[in-house]
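Chain letters run A, B, ... following the sequence lines, proteins first and then strands; every chain starts at 1.
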Amino acid sequence: MRLLIRMLALALGLAITMTGAVVLAGVGWAMAQPTRGALPPWPRWLARAEELAWTANTIRVTACVLVAAGLAMLLLAALAGRHDVYLQDPAPDVTVTTSPRSLARIVGQRVRGTDGVRSASVTASARSVRVRATSRLLDERRLRPVLIEQVNELVNELPLARVPHVHVVVHSAKDKP
Amino acid sequence: MSRESRAAVARSERLDRLTVGGIGALAAAAGAAALVVSAGWLGRPRASRPLADPIALQWLQAHQPWAQVGALVVGVLLVLFGLWLASRTLRPEPRPDLVLEDDAETAGGLRVTAQAIAEAIRADAESVSGVAEARARVVRVNDTPALRLQLRLRHGADVHAVWSELDKRVLTRARESLGVPAIPTAIRLELGSAQRQRVK
């Protein structure tokens with residue numbers, strides 16, 4: 001995501017430079033040599049623009065593409081933020097962070113180490129930790145409180161700046177009719 | 001949490017995001033405006049006029065010198081802005097050296113390179129128990145050098161113990177040896193990763 005948005009910014013920068021260069025070349029040439037025709041094919045572009053009415057399909061399609069591309073870029077820019085999980089500061093001028101992936105990894109290790117858990121998947125952010133565990137031996141009523149306690153203990157042990165909410169879902173073979 | 005240490009966590013992407021978002025917003029607005037005209041919401045006659053409106057062309061013809069100068073200025077601004085943007089995205093993150101004693105008269109002085117500081121701190125941090133691997137880098141935040149440390153902790157390492165040892169030994173020593181009262185530091189922890197197997 002970060003690389004993508006940087007490449008996009010670079011491409012936009014180059015495109016803007018190109019546009020500016022074409023404008024400069026065209027207008028500069030027209031000012032220096034008013035009699036010898038234009039450098040970019042202005043007259044042809046102008047003739048085409050005089051033909052096209054605003055209701056033409058070309059215009060509509062171009063406008064739709066423009067709106068879609070613009071919204072996609074806006075969305076990308078909005079989503080490209082950092083999702084660091086902050087820990088408490090050990091000293092005034094020290095900031096400690098970890099990645100959501102790291103947090104999910106240690107929670108997953110703890111959950112998988114719990115008796116009765118067959119497999120687990122974890123997603124984590126600074127605000128919440130979501131655990132989905134499957135079990136064959138224990139039903140949800142018995143396993144879920146254990147897992148919530150385990151994960152809460154782990155999350156409170158870590159000096160996180162903000163203690164995330166813990167959500168646990170258990171799928172158990174025992175619960176199936 | 002000081003603002004400097006927080007800014008040192010990662011390279012800022014604000015400019016990239018602002019340009020991409022801003023140009024995206026402009027493109028969406030232009031497209032929407034064209035659709036509005038095309039749908040006839042500004043009046044049927046407006047929609048059936050050509051793209052290059054004769055009235056606008058006449059006006060441009062009448063004011064040709066000014067229009068040309070205006071176009072030139074716009075072109076120069078576009079080229080400058082585009083080049084600035086491209087160079088900003090391509091430029092690598094600065095790694096400032098630390099100037100301890102500036103002696104302008106003899107053009108000498110004492111300068112510690114960013115690589116030297118980073119290497120010394122990396123070696124120090126790796127000696128802390130519980131740290132499997134460390135990476136250090138000197139970055140510039142608000143024109144002052146700051147430190148970015150990435151630590152991979154061993155499985156089951158106590159984060160509190162690592163912190164206090166890091167703060168007491170590594171960072172204090174760095175501050176003392178560099179003779180600065182404080183270095184803004186950002187630490188990125190990687191927790192619970194598997195031990196890397198070394199092939200012998």
Side-chain angles (χ1 to χ4, degrees), chain A residues 2 5-6 8-10 12-21 23-24 27-28 30-31 46 49-55 59-60 62-67 69-74 76-78 80-82 84 87 89-99 102-103 105-106 109 158-159, chain B residues 1-2 4-6 8-10 13 15-17 19-21 23-32 34-35 37-38 46-52 68 71-72 74-79 81-83 85-86 89-90 159-160 163-164 167 171 182-193:
Chain A
R2 296 168 61 199
I5 207 148
R6 262 183 94 189
L8 206 57
L10 176 63
L12 284 175
L14 293 179
I16 292 172
T17 312
M18 289 278 289
T19 314
V23 168
L24 276 186
V27 178
M31 282 173 91
L46 206 60
E50 276 168 352
E51 264 164 36
L52 276 178
W54 281 98
T55 43
I59 304 291
R60 289 196 175 148
T62 313
C64 285
V65 169
L66 213 56
V67 169
L71 290 182
M73 274 155 67
L74 266 179
L76 201 67
R82 297 192 61 81
D84 298 313
L87 279 70
D89 309 333
D93 52 354
V94 180
T95 296
V96 187
T97 65
T98 188
S99 60
S102 274
L103 186 57
R105 206 186 290 136
I106 52 168
Q109 284 167 0
L158 274 180
Chain B
M1 187 182 297
S2 74
E4 281 80 16
S5 66
R6 196 163 179 160
V9 170
E13 293 149 37
L15 179 79
D16 296 345
R17 289 176 67 190
T19 32
V20 171
I23 293 174
L26 277 181
L35 280 179
V37 172
S38 175
R46 169 75 267 174
S48 52
R49 289 175 81 92
L51 203 57
Q68 279 181 335
L72 272 185
V74 169
V76 168
L77 288 180
L78 282 179
V79 167
F81 176 68
L83 284 180
L85 187 63
T89 48
L90 284 177
V159 177
H160 286 285
W163 271 5
S164 63
D167 190 44
L171 297 181
I183 314 177
T185 307
I187 302 176
R188 282 162 45 167
L189 293 180
E190 202 179 318
L191 306 162
S193 61

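- Taking all atoms of both residues into account, the shortest heavy-atom contact from Gly21(B) to Leu74(A) is O-CD2, 3.4 Å.
- Using a 4.5 Å heavy-atom threshold, the side chains of Thr19(B) and Leu12(A) count as separate.
- The closest side-chain heavy-atom distance from Trp163(B) to Val94(A) is not below 4.5 Å.
- Distance check, rounded to the nearest 0.5 Å: CZ of Arg6(A) to CG of Leu90(B) gives 7.5 Å.
- Leu35(B) and Ala63(A) make their closest contact through CG-CB, 3.7 Å (heavy atoms, listed as atom of the first residue, atom of the second, distance).
- For chain B, the option among Leu14(A), Val67(A), Leu8(A) with the highest count of heavy-atom pairs below 4.5 Å is Val67(A).
- Interface remark: of the candidates Ala30(B), Ser164(B), Ala10(B), Ala8(B), Ala10(B) forms the most heavy-atom pairs closer than 4.5 Å to chain A.
- Interface remark: Ala80(A) contributes backbone and side-chain atoms alike to the contact with chain B (heavy atom separation under 4.5 Å).
- Distance alone, capped at 3.5 Å, places no donor-acceptor pair between the Thr97(A) side chain and the Arg188(B) backbone.
- Of all heavy-atom pairs between Ser102(A) and Leu191(B), the closest is OG-N, 3.0 Å.
- Counting heavy-atom pairs under 4.5 Å between each of Leu103(A), Thr62(A), Val23(A) and chain B puts Val23(A) at the top.
- Inspection of the Arg6(B) and Thr95(A) side chains reveals no N or O donor paired with an N or O acceptor under 3.5 Å.
- For chain A, the nearby part of Val159(B) is the side chain; its heavy atoms alone come within less than 4.5 Å.
- Interface residue Val76(B): backbone and side-chain heavy atoms are both found under 4.5 Å from chain A.
- Shortest non-hydrogen contact noted between Ala71(B) and Val27(A) is CB-CG2, 3.6 Å.
- If you tally non-hydrogen atom pairs under 4.5 Å between each of Val65(A), Ile106(A), Thr19(A), Leu10(A) and chain B, the highest count goes to Leu10(A).
- The main-chain N or O of Ala77(A) is found under 3.5 Å from a side-chain atom of Arg17(B) such that the two form a donor-acceptor pair.
- Contact annotation for Gln68(B): both backbone and side-chain heavy atoms come within less than 4.5 Å of a heavy atom of chain A.
- With a 4.5 angstrom heavy-atom cutoff, Ala72(A) does not touch chain B via any of its atoms.
- Ile183(B) touches chain A through its backbone: at least one of N, CA, C or O sits under 4.5 Å from a heavy atom, while the side chain does not.
- Only the side chain of Ile59(A) comes within contact range of chain B, with heavy atoms under 4.5 Å apart.
- Closest heavy-atom contact between Gly70(A) and Ala27(B): CA-CB, 4.1 Å.
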